[in-house]
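First the structure, which I've put down as structure tokens, then a few questions once you've had a look.
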Amino acid sequence: MQYQNIKGTKDVLPSESYQWQYLEKFIADFFDKNNYQEIRTPAFEMTELFAHGVGSDTDVVSKEMYTFLDKGNTSLTLKPELTAPVIRSYIQNRLDQISTIVKVYYIDALFRQERPQKGRQRQFHQFGFEIIGSPHPEADAEVIQTMYELYTQLGIRDLNIRLNSIGSRESRKNYLAILKSELMPFLNDFCPTCQQRFQTNILRLFDCKAESCQQILANHAPSILDHLSEDDRIHFDEVKHLLDLTDVPYSIDNRLVRGLDYYTRTTFEITSSLLGSQDAVCGGGRYDHLVEDLGGKPTPAVGVASGMERLLLILNQIGGIPESQKPFLFIVSLGEQARRRGFVLAADLRKKGIACETDFLRRSMKAQMREADKKAAKWVVIIGDNEIEKNIVFLKDMTAGNQTPFTMETATEEIYQYINR
RNA sequence: GUGGGUGUAGCUCAGUUUGGUAGAGCGGCAGGUUGUGGCCCUGUUGGCCGCGGGUUCAACUCCCGUCACUCACCCCA
């Protein structure tokens, strides 16, 4: 039986793990500098949390969740998104009592049972952050500006920020009624899925990529931006104004609808042409009712999540990940006595913080030298019978090619000095 | 769930049209005189040609099925 990884999952091999380490460290440092603190929640939650928080009519909840019963017959689900768990934790742990505004970030693995394709896996990873407690546009703008700044610092250009407001629940309700009556005459002209969405979640008609559906919408659908309440409009205008003031480029897209039910007012998405068909590198928005929907006090909030795999896809194309090449030392030894000397020398050098390896295959000198070269050793220490006899070791500089002798007894200290000089 | 593409050595692929039990490059290993890497040269290692069935004297090659990978739809990060 040849075992293989589960469809839609991936091994991160030694040859690429440094990329993840680089990115994770970059993100942690970035948020540390911006005064966001990390929050970590469990890999699974009660199924009910997502059904209730994200919305049972959404695709994510209705057909993509990894749900199972535990031995106590409780329905649990591997988390398919992170906002609901974070808010659950916020409520449960009374984080509102620690400060009025809570700013947290996370880096985590998520699970959705979809058909894998470029930029989409069944286990994938996101980082994201939330500002909980502010109803004001400053929070919306900071989320967008901060994410844009993070991408910029990573060296990513040519991003497209799409911005929209889907209004408060009240104005959206009014808008949906108008939308419905305007589109009713054309109901039969829509594709079958859209006809169904017309009943369940009419806003998502805008997500349809069918030419015919988009045509009808372009000609007959009223824009949500024309039906915002006065307060919604003021809020949205201020978000745009603050983005203008901080030189964050964006474009208004009144067809941008998010697939999760909890969003209100500001929604946005950042896309990159360097990705495949799944071109969103992050998406987010305001969710003013999720906290109370999950049983907390009414608390407005806004947040965003970004796909790590998609980010790495971009970074690899623009060469945005620095090669990690730590200098290290390889010890070549010939014969039993030399091997032991080499082993001890390696242990002593490691204690001083020098990355150090010895040969494990007792091979010829040539083979050991090849090994050292292939691994890009910066220095090689050579110990053989001749050196034992003369009580020395040779240190070879692999780039320059020259060798320097050191007395055996003081070799550790002298080599340490020599390569740190 | 639906559609397209692809499955041949560790990796990247040729060979399939015109059926005769497999090749290259890279990699791994070992050598090119007696203890010194990179470049070059030589040798060597390595594949039931995704799996199962059918046609045939004979199948990597033709037919059917199946699985896997991949891209796209749907939806999302």
Side-chain angles (χ1 to χ4, degrees), chain A residues 2 4-10 13 15 54 57-65 80-83 107-128 147 191-194 196-197 201 204 206-210 213 256-260 267-272 275-285 303-314 330 332-335 338 359 361 363-389 394-403:
Chain A
Q2 173 78 269
Q4 125 180 6
N5 63 309
I6 303 300
K7 182 202 284 285
T9 66
K10 262 187 178 155
L13 301 176
S15 58
V54 180
D57 283 339
T58 61
D59 280 22
V60 168
V61 171
S62 65
K63 50 188 201 192
E64 295 170 4
M65 295 205 301
E81 66 98 53
L82 289 164
T83 302
I107 303 175
D108 212 338
L110 315 195
F111 306 85
R112 291 183 199 170
Q113 189 160 188
E114 301 178 84
R115 200 68 160 257
Q117 70 187 78
K118 190 180 175 74
R120 158 178 297 160
Q121 292 166 212
R122 290 185 169 184
Q123 176 179 340
F124 62 106
H125 302 78
Q126 290 185 343
F127 78 92
M147 192 55 112
C191 70
T193 21
C194 280
Q196 185 162 0
R197 282 196 281 232
N201 193 344
R204 292 243 311 274
F206 291 108
D207 277 339
C208 187
K209 280 174 186 164
C213 294
L256 175 68
V257 178
R258 313 248 77 236
L260 311 179
T267 60
F268 69 96
E269 191 171 283
I270 302 182
T271 57
S272 165
L275 293 170
S277 165
Q278 307 303 323
D279 62 354
V281 62
C282 78
V304 58
S306 179
M308 299 278 281
E309 282 83 359
R310 292 184 187 179
L311 205 42
L312 286 172
L313 234 36
I314 295 173
F330 192 93
V332 170
S333 57
L334 286 173
D359 170 66
L361 292 172
R363 290 187 290 183
S364 70
M365 183 164 207
K366 189 191 192 106
Q368 292 186 53
M369 287 301 291
R370 270 194 191 142
E371 173 87 4
D373 184 64
K374 188 168 354 108
K375 289 191 155 182
K378 193 154 188 225
W379 311 277
V380 165
V381 162
I382 296 164
I383 312 175
D385 294 338
N386 296 346
E387 286 75 16
I388 297 280
E389 204 171 305
F394 272 109
L395 178 72
K396 178 163 184 167
D397 183 319
M398 290 298 269
T399 35
N402 57 312
Q403 302 187 175

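Throughout, a chain's letter reflects where its sequence line sits, starting with A, and its residues are numbered from 1.
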* Structure fact -> Taking B:G31, B:C73, B:A77 as options, the one with an atom nearest any side-chain atom of A:R310 is B:A77

* Name every residue in residues 118-126 of chain A that has at least one heavy atom under 4.0 Å from any atom of RNA chain B, in order of residue number, or write none if there are no such residues. => A:K118, A:G119, A:R120, A:Q121, A:F124, A:Q126

* Asked: Taking atom types as they are modelled, is there a donor-acceptor pair under 3.5 Å from the base of B:U36 to the side chain of A:Q368?
  -> no

* Asked: Out of B:G35, B:C74, B:G38, which nucleotide sits closest to the side chain of A:M365?
  -> B:G35

* Structure fact -> Whole-Å distance, A:E371 CD to B:A30 C1', equals 14 Å

* Asked: Reckon A:Q403 touches a base, only the sugar-phosphate, or nothing at all at heavy-atom distances under 4.0 Å?
  -> base

* **Which nucleotide in B:A77, B:U36, B:G1 has an atom nearest any side-chain atom of A:E114** => B:A77

* Asked: Of A:K374 and A:I383, whose nearest nucleotide on RNA chain B comes first from the 5' end?
  -> A:K374

* Structure fact -> In whole angstroms, the gap separating C1' of B:A77 from CD1 of A:I270 amounts to 12 Å

* Asked: If you take atom types as modelled and just measure distance, does the side chain of A:K396 reach the base of B:U36 with a donor-acceptor pair under 3.5 Å?
  -> yes

* Mind calculating the distance between CG (A:D385) and P (B:U36) to the nearest angstrom? => 14 Å

* **Atom-to-atom span, NZ of A:K63 to C1' of B:U2 - whole angstrom** => 11 Å

